[in-house]
Structure formats: structure tokens, C-alpha cells
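The structure appears right after this line, and notes come after that.
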Number of protein chains: 2
Amino acid sequence: MTQSNKKPRSAYHQSYEIIRDRILNGDLPGGTKIVEDKLARDLGFSRTPIRDSLRKLSYEGLIVDKKVVQPTEKDLRNLFQVRILLEGAAAKSAATYLPAEDLKSLANCVEIGRDGTTEDIMEANERFHEIIVQASGNSLMIETIARMKSIIYLFRKTVVLHNRPRLIDEHEEIYEAIKARDTEKAKQLMEAHLEEDLNFCLHILRSQLS
Amino acid sequence: MTQSNKKPRSAYHQSYEIIRDRILNGDLPGGTKIVEDKLARDLGFSRTPIRDSLRKLSYEGLIVDKKVVQPTEKDLRNLFQVRILLEGAAAKSAATYLPAEDLKSLANCVEIGRDGTTEDIMEANERFHEIIVQASGNSLMIETIARMKSIIYLFRKTVVLHNRPRLIDEHEEIYEAIKARDTEKAKQLMEAHLEEDLNFCLHILRSQLS
DNA sequence: CTCATAAAAAGTGTATACAAAATAAAATAA
DNA sequence: TTATTTTATTTTGTATACACTTTTTATGAG
């Protein structure tokens with residue numbers, strides 16, 4: 001999630017990334033009250049760029065009512081319903097046509113999924129979905145999913161850290177369907193894959209709440 | 001689109017609505033360069049709330065690169081692809097269960113569509129879709145579509161002003177399917193309905209560009 | 001003690017100032 | 001002229017101040 005920044009970026013971009021990462025890695029746990037002034041002094045910026053960051057984080061759903069979000073089971077279901085619709089369609093597009101280079105990248109993601117470190121696996125899995133979403137060629141769809149990225153990350157972490165079985169197998173099956181240009185199968189496999197992710201997350205979530 | 005405000009709202013809300021409406025009614029035509037200071041002096045606010053408004057408008061896609069958006073044919077297709085996926089699913093949900101009250105509202109929208117003024121028709125058609133989207137019970141989906149609302153409005157205007165044939169008939173068919181609890185039919189009709197909207201918009205758009 | 005009210009503190013919205021960055025205009029060389 | 005560099009102008013990003021709102025804490029009545 002953390003991206004390497006070449007140039008020194010604006011206070012807004014910096015603070016956005018810092019706050020986002022603090023939320024994502026649990027440094028700012030769900031429910032934490034967010035106050036502009038406190039963050040500003042903490043990060044050494046003025047309130048102005050902090051405010052901008054918080055607004056963006058609110059759009060992404062990471063901050064709700066000036067508190068760090070605590071996704072509920074319902075939120076999880078909602079997220080996956082939308083993902084299934086959009087990424088299912090994206091998988092279909094990808095199967096219609098995907099440049100050889102991207103196809104190779106997909107294969108590479110599967111490979112890393114089999115023998116990479118935990119961190120590499122997480123990154124590869126994210127990239128796997130990213131490539132397929134991009135293949136939709138629909139900038140609105142791409143942006144809509146990008147907006148959900150942070151929340152997805154929260155759950156992807158769960159899935160990988162708890163080592164969901166068959167995750168990489170499913171990626172491979174999707175890859176094969178795309179490679180074989182079987183649009184309907186690619187779509188169905190992607191939908192089933194996300195459904196499995198959802199069920200796994202629900203399972204973990206429930207066992208954590210008990 | 002314009003909503004009646006009971007209380008005097010914040011400068012941010014006011015300016016957001018003013019600027020948005022200026023874009024939507026063509027007062028600020030596509031391609032217009034947006035300058036914070038100019039708008040601030042124009043509306044009598046400081047730059048701060050104006051900046052907030054512009055950021056929100058950018059999120060909604062009404063402002064791109066500090067210029068008023070000029071949706072392309074590709075944008076139109078992208079928008080409708082996403083709408084078809086999301087609103088198709090919403091229609092299915094609505095057919096699964098819709099409170100009697102909402103069902104009645106849908107019928108009322110159809111009725112207004114048949115014998116209302118142009119403005120009433122536009123509002124009723126918007127409400128028709130709104131009710132169905134709400135019926136999805138998925139707040140993320142609701143919000144995602146809300147975010148596209150302004151751009152949708154731009155096109156809905158086209159559809160109604162140019163009096164697309166069968167528009168209200170299609171609404172009625174969707175309403176009947178929902179009433180009959182035929183989930184698959186409701187979904188298919190909604191998809192077909194939006195497809196028709198898209199084709200009509202494309203037609204108008206092309207004839208305008210020539 | 002519980003509820004209501006008042007006082008205090010904290011937090012946010014907005015205006016404004018200024019420096020840095022981006023853009024436009026002007027001057028100069030080819 | 002066209003291309004290129006310099007200078008001027010505009011525009012944006014950020015910091016800061018202050019008034020207004022909301023929240024918290026304290027105070028008093030029942």
C-alpha cells in the first residue's frame with residue numbers, strides 16, 4: 001500500500017499517506033476520534049493540508065463522522081457485492097482481450113503467490129486484481145474500485161495473514177480462463193473467488209468478535 | 001437537482017451547490033477554466049470553502065484538471081456500463097422485496113411521467129431510479145451511484161428534453177416486474193432500459209457534434 | 001443521586017496573508 | 001518569422017487568526 005515517493009510531495013499528499021497508513025496498520029484503531037488540530041501538531045503541518053487529507057479519507061470511507069471507521073459485517077457484505085459486480089465484468093473484459101504482457105504479469109502474480117514472502121504475496125494478489133480491473137478499460141470503474149482500495153486492503157490483510165486456502169489456486173483458474181479467452185468462465189470464477197473471500201472474511205470476523 | 005434549504009447552510013455547502021448548478025445548467029460550460037479566487041470573489045466567500053467545493057466536484061467528476069468536464073462518448077459508455085451493473089442488481093433487490101409505500105411511489109413516478117410538466121417528469125424519473133437504488137439496501141452502492149448523480153443528470157436532461165420514446169413505458173414495465181416479484185425480469189428490464197438510454201444519448205450526442 | 005442549567009474548553013468553519021509553483025507575456029537569439 | 005530564454009503575472013498550497021459551534025465539565029435545584 002505504501003508507495004515509494006520519488007519527489008518531495010506536498011504536505012497534503014504526505015499527510016494523507018501518513019494518516020491513511022496509520023489507519024491501515026492499526027496505529028489509529030477503529031473508533032478513534034480524529035481531531036484536525038491534534039493531527040496537525042503531531043505531523044508538523046498546519047490544519048489546512050490535514051483537512052484536505054481527512055476529506056479524502058472520508059470519501060474513501062476510512063473516516064466516518066470524524067472517527068476511524070469500524071467496518072461492520074454489513075459493510076463487508078456491501079463491499080463484496082459491489083466488487084463482485086464490477087470485478088466480474090472486468091474479468092470478462094480481460095478475457096475478451098488482454099495484452100500478452102499483462103497476461104504474463106498475471107502468471108507472475110500467481111507464481112509469487114506460491115512462493116513469495118507474506119508481504120510479496122499481499123502485493124502480488126493486489127496487483128492480480130489491479131491488472132484485471134485495468135483491463136476493463138473503463139476509467140469510471142477503475143476509479144470506483146480505487147476508491148474502495150483502502151477498505152479492501154483492510155480485508156485482504158485478513159485473508160492473506162490467515163492464509164485462506166485455495167486463494168492462489170483460484171487466481172490461477174481465473175488466469176487460465178482469461179488466457180483461454182473464456183469470458184463467461186472468467187467472470188464466474190472471479191465472482192466465485194470474491195464470494196469465497198467474503199465468506200472467509202466473515203468467518204474470521206465472527207471468530208474475532210467472540 | 002436543486003434542493004430547498006431550510007436553514008442557512010455553511011458557505012461550503014452553499015458554494016458547492018451554486019457551482020454545481022452552474023455547471024449543470026450550462027452556465028459554466030464544459031472546458032471552462034476554474035479559478036478559485038475568481039469564484040470566491042464572484043460568490044462572496046473566501047477561497048477556503050470554495051476549495052472544498054471544488055474538491056468535491058472533482059470527486060464527482062464534474063471538474064477535471066481545473067476545468068469543467070466535457071464528457072466524451074467514452075465517458076458516456078463507461079458511466080452506463082457501471083450503472084447497468086449496479087442498478088441491475090438494485091432492481092433485483094427491489095423485486096425481492098419493496099415496501100408497499102415505495103411501490104406506490106414508483107407507480108406515482110410512472111404516472112407523473114405520463115402527464116407531468118417537463119420539470120416534474122425529470123424529477124419523477126430521477127426519483128424512480130433513486131427508489132430502486134435505495135432498495136438495494138447497500139450503502140456503498142447507494143453512495144457510489146450518488147457520486148455519479150451529477151453526471152447522470154447531465155444526460156438525463158438530454159433524454160427527457162429530447163423526449164426519448166418508450167422511456168415511461170419501460171419504467172412501467174420495470175415497476176410491474178418489481179410488483180410481480182420477478183427478480184430476474186426486473187434486472188433484465190432495468191439493464192435493457194439503461195441500454196436504451198445509452199443508445200439514445202449516443203444518438204443525440206453524435207447529431208450534436210456534427 | 002439525577003436531572004437541568006451554566007460556564008468553560010475544545011474543535012471546526014472561514015477569512016486572510018504570503019511564499020512557492022505554474023502560467024502567461026515579453027524580450028532576445030536564431 | 002519561429003524558437004528560446006527571461007521576466008512578470010496569476011494561481012495555488014500552506015500557515016495562521018479568530019469567531020462561531022459543539023462538546024465537556026462544573027454547578028446548582030429538585
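Letters A, B, ... are given to chains in the order of the sequence lines, protein chains preceding strands, and every chain is numbered from 1.
- Residue B:Lys66 is in sugar-phosphate contact alone, with no base atom involved, counting any heavy-atom pair closer than 4.0 Å across all strands shown.
- Rounded to an integer number of Å, the gap from OH of B:Tyr16 to P of C:dG13 is 17 Å.
- Here A:Leu54 lies out of heavy-atom contact (under 4.0 Å) with every strand.
- Note that A:Arg51 lies outside the cation-pi zone of B:Tyr12, set by a 6.0 Å cut-off to the ring centre and a 45° limit from the axis.
- Note: NZ (B:Lys38) to C1' (D:dT9) measures 17 Å, nearest angstrom.
- In this structure, A:Leu39 reaches neither bases nor backbone, as no heavy-atom distance under 4.0 Å exists between it and the strands shown.
- Distances shorter than 4.0 Å separate none of the side-chain N or O atoms of B:Arg51 from OP1 or OP2 on D:dT12.
- Atom CZ in A:Arg41 sits roughly 13 Å away from atom P in D:dT16 (whole-Å rounding).
- A 3.5 Å limit on both hydrogen-bonding distances identifies D:dT4 as the Watson-Crick or G-U partner of C:dA27.
- Candidate nucleotides C:dA15, D:dA15, C:dT16 were compared by shortest atom distance to the side chain of B:Phe45, and C:dA15 ranks first.
- Separating the CG atom of B:Asp37 from the C1' atom of C:dA21 is a distance of 16 Å, rounded to the nearest angstrom.
- B:Phe80 carries B:Arg83 over the face of its six-membered ring, with the cationic atom under 6.0 Å from the centre and within 45° of the normal.
- B:Glu87 pairs with exactly one of B:Lys92, B:His193, B:His129 by the side-chain hydrogen bond (donor to acceptor under 3.5 Å, both in side chains) rule, that one being B:His129.
- The listed nucleotides are D:dG13, D:dA15, C:dT14; the one nearest the side chain of B:Pro49 is C:dT14.
- If you check the side chains of B:Thr144 and A:Thr144, you find no donor sitting under 3.5 Å from an acceptor.
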Working note: B:Glu60 + B:Arg20, criterion salt bridge (charged side-chain N to carboxylate O under 4.0 Å, His left out); need CA distance, chi angles, decisive distance, verdict. CA-CA 10 Å; B:Glu60 292 175 3; B:Arg20 183 199 61 192; over 6 Å; no
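- Put simply, the side chain of A:Arg47 and the base of C:dG11 share no donor and acceptor less than 3.5 Å apart.
- In this structure, CD1 of A:Ile50 is placed 15 Å from P of C:dG11, rounded to the nearest angstrom.
- The side chain of B:Ser46 contributes an N or O atom lying less than 4.0 Å from OP1 or OP2 of C:dA15.
- In this structure, B:Asp42 places its CG atom 14 Å from P of D:dT11, rounding to the nearest Å.
- Comparing C:dT14, C:dT12, C:dT16 by their nearest atom to the side chain of A:Val35 picks out C:dT12.
- Across D:dT11, C:dT14, C:dG11, the shortest atom-to-atom separation from the side chain of B:Thr48 is found for C:dT14.
- Per the geometry, CG belonging to B:Leu43 stands 15 Å off C1' belonging to C:dA15, to the nearest Å.
- Distance CD (B:Glu36) to P (C:dT16): 15 Å, rounded to an integer number of Å.
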